[in-house]
Amino acid sequence: MICSGKDITINFGGDPVLEKVTFEAYAGDRVGIVGRNGSGKTTLLSILAGKETPDHGQVHWKKGCRVGWLAQLPEFAEDMTVYEVMETAFAELNDIEQQMKRLEREMSTATDEKELTRMAGEYGNLQEQFERNGGYGKEAEIEGAARGLQLYHLLKQPFQSLSGGEKTKAGLAVLLLGKPDLLLLDEPTNHLDLSAIEWLQAFLTDYPGTVLTVSHDRYFLDETVTKVFDLENGELTVYHGNYSSFTEEKEKYLLLEFQKYEEQQKKIKKMKEAIKRLKEWANQANPPNEALHKRARNMERALERMEKIDRPVLENKRIGFALDAGGRSGTDVLLAEGISKSYGEKQLFEGVDLHLRFQERLVLMGDNGSGKSTLLRILLGQETPDYGKVKTGSRVKIGYLAQHLLESEEENMSVLDAFREEVAVTEGEARHILARFLFYGYAVFKKLGQMSGGERMRLRLAQFMHQDLNVLVLDEPTNHLDIESLEVVEEALSGYTGTILAVSHDRYFINKVFNRVAWLNDGRLHHFTGTYEEVKHRMKREESRIEPPEAHEAEKEEQKPLKNSRKIQGKTAAQLETELTETEERIESLDRLLYETGDPKELEKLYREKEQIGEKREKLYDELAMLEEETG
């Protein structure tokens, strides 16, 4: 067992968040923690990380258990590069490496043979530790994580120059590379695009430790977890299997609990009726029958001692949300031909064609920075393309949900006023409508600046519902929503009779709602139909067909690169990587020879060669980084 909790209770402001929560996590467990917003998921992680102490109950960790948790933006010294930040994950290895380098310097100048032999023995012991703990694979691990999380082009940059999202990704990389025994992840897919999410999925699948993940990404949970902790009303229930299995098992469990509840209620009703009759019979006797009164009192005590089953909530209070398309549009909704857009020297896309028809559901996908949101704004007429044209069909009435939801200068505007600004209704009608979207009482006077992402989404949906829209354009509509709200939105969009165009990386949502996918990659738009999995495989085949020849040089050395391929001093990326591999192999070979030889002169010769090869390796890394920056 890696960690456990018994009867954990914690209150905030007098309100219980967790009540007598008990659980166990074992070595190799992959646990998904799910529940509505505010159900205590992050609080539980914080307790397991040792950052918060429960009001009651106990938490236990395996002796010597190393816990890793990324709770907020990480802080590092101002002068550290991203590479140096990621290298902090290998603190113990870095210490051994510094000791080895010190010994290398001392041995290169030592003349006493006895002292050289002593230092060589110490060096050999350190080298054995270094190798046993994966020291020679450290750089490859850092590079792999950097590539997977799209940080490779930033490795030489100062950490402090990164954006908040990039810092979070770097912090995640440090956490993952450190390989703690207990890995705690709170919404790890935030700030990640699809390729990074899929890299993280593969990493966690092979992870040797125990992982507890809070996430609203249901597809990610399906791919990575084998157990689910369900937090509801302060209580925790354990289910085995992935997320889809959990939803099926929870439904069965709730139905069974409801049957038990109904059976107990019938039993309670019969007991109360029996008690009532016994009392009536006892009082009707002359004199009153004490024996019957005693039987009635015994039954009352038995009823009081009975452990009552709470009525299971088969369905929590949900948004009263149904979208109706206001009047149909023409058959052609949006038509884009030959769209190109650049910012300075950076070209986002070129020659993009898109045809959206009535009642189609099209989702735009692609990596962060590929230009999805820009393309959306061009289609809406909010930005002008460098080349190409966009035509909007007849009788089209569009509702647009921007990615940065309801962010405006009107931070002091209330929910009620913001709703009425878009929908012309009386205050009473507005409050009645907003109540269906869970804005009750004084909640309608809450300021926009105080609202969570989920609350902002609810307000925008309430506006949409009363604007007679026949086209919805949605930019990352599932951000900030808990799973229950996601399901409500999916249900509403599935029943919508108009046309939907969206940008999303929520694969579960995509599979549920959309029938067409447009994938923006390397400045081109690829059109597909089918599920996300089918589209992903077909997209990979597309990429293999358009991949430039230099990408295959490592496998096909006889194939010549294109004349216009990017090079550094006449070398392509594949050639630089080949040289790097050869350099790494030579350094490993020198390390083995240094360990094996006892000849002082040979030691000095090998040290010098290793220093020279090390300098060459650094130069190759710099050249490869420069080449990757040029090619984007």
Side-chain angles (χ1 to χ4, degrees), residues 15 36-39 216 313 315-329 361 376-377 380-382 395-504 509 513:
D15 296 322
R36 306 178 80 189
N37 288 347
S39 61
H216 69 269
V313 180
E315 189 169 310
N316 283 308
K317 190 172 285 184
R318 298 175 74 140
I319 298 172
F321 176 38
L323 274 173
D324 295 317
R328 70 155 287 170
S329 67
R361 286 127 183 261
L376 215 58
R377 290 194 296 271
L380 291 168
Q382 296 181 357
R395 302 185 302 281
V396 167
K397 191 171 181 184
I398 296 174
Y400 175 47
L401 181 72
Q403 185 172 357
H404 301 291
L405 196 60
L406 294 173
E407 288 182 3
S408 68
E409 297 176 1
E410 303 296 332
E411 291 292 293
N412 289 321
M413 183 181 283
S414 69
V415 171
L416 184 62
D417 290 340
F419 177 76
R420 294 185 67 199
E421 190 172 75
E422 297 291 332
V423 182
V425 292
T426 66
E427 180 176 328
E429 288 174 312
R431 295 188 68 163
H432 178 71
I433 293 166
L434 288 168
R436 296 170 61 191
F437 288 81
L438 310 187
F439 292 109
Y440 299 104
Y442 288 105
V444 299
F445 300 111
K446 193 171 186 178
K447 305 299 183 187
L448 297 187
Q450 301 170 328
M451 292 170 68
S452 68
E455 288 171 327
R456 289 170 184 251
M457 168 64 99
R458 295 208 312 270
L459 173 56
R460 197 73 179 103
L461 293 177
Q463 293 169 335
F464 277 177
M465 193 178 92
H466 291 82
Q467 288 180 303
D468 293 328
L469 307 169
N470 54 31
V471 180
L472 299 182
V473 179
L474 315 170
D475 195 353
E476 297 289 2
T478 61
N479 283 358
H480 311 296
L481 297 184
D482 58 23
I483 289 175
E484 186 174 3
S485 298
L486 283 171
E487 289 170 350
V488 172
V489 172
E490 284 167 358
E491 185 179 337
L493 292 177
S494 296
Y496 180 61
T497 57
T499 307
I500 305 174
L501 172 63
V503 167
S504 181
F509 173 68
V513 176

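No experiment lies behind these values; they were computed from the predicted model shown. All values below come from the heavy atoms of this structure, side chains included, with hydrogens, waters and symmetry mates left out.
Glu427 approaches Leu416 most closely through the heavy-atom pair CG-CD2, 3.6 Å. Closest heavy-atom contact between Ser504 and Glu476: CA-OE1, 3.6 Å. Heavy-atom minimum distance, Arg460 versus Tyr400: NH2-O, 3.0 Å. What you find for Val396 and Ser329 is that their closest heavy atoms are CG2-CB, 3.9 Å.
Taking CD from Glu490 and CG from Leu486, the interatomic distance works out to 6.0 Å, rounded to the nearest 0.5 Å. Rounding to the nearest 0.5 angstrom, the gap separating the NZ atom in Lys397 from the CG atom in Asp468 is 5.5 Å. Remark: Gln450 CD to Asn412 CG distance equals 8.5 Å, nearest 0.5 Å. The line from CD1 of Ile398 to CG of Leu380 is 5.5 Å long, rounded to the nearest 0.5 Å. Taken to the nearest 0.5 Å, the NZ atom of Lys446 stands 12.5 Å off from the OG atom of Ser414.
Looking at Arg431, its side chain never comes within 3.5 Å of a backbone N or O of Phe439 through a donor-acceptor pair. Within the 3.5 Å criterion, the main-chain N or O of Ala418 finds a donor-acceptor partner in the side chain of Gln463. For the pair Arg328 (side chain) and Thr497 (backbone), a donor-acceptor distance under 3.5 Å is absent.
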Apply side-chain contact (heavy atoms from CB on, under 4.5 Å) to residues Val444 and Phe419 and explain how you reach the verdict.
CA-CA 9 Å; Val444 299; Phe419 177 76; over 6 Å; no

Pair Leu434-Leu459, side-chain contact (heavy atoms from CB on, under 4.5 Å): steps then yes or no
CA-CA 8 Å; Leu434 288 168; Leu459 173 56; 4.1 Å; yes

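Among Leu472, Val513, Leu501, the one residue that satisfies the side chain to side chain contact (heavy atoms under 4.5 Å, CB included) test with Arg361 is Val513.
Val489 places none of its side-chain heavy atoms less than 4.5 Å from the side chain of Thr478. Considering only heavy atoms from C-beta on, Phe464 comes within 4.5 Å of Leu469 through its side chain.
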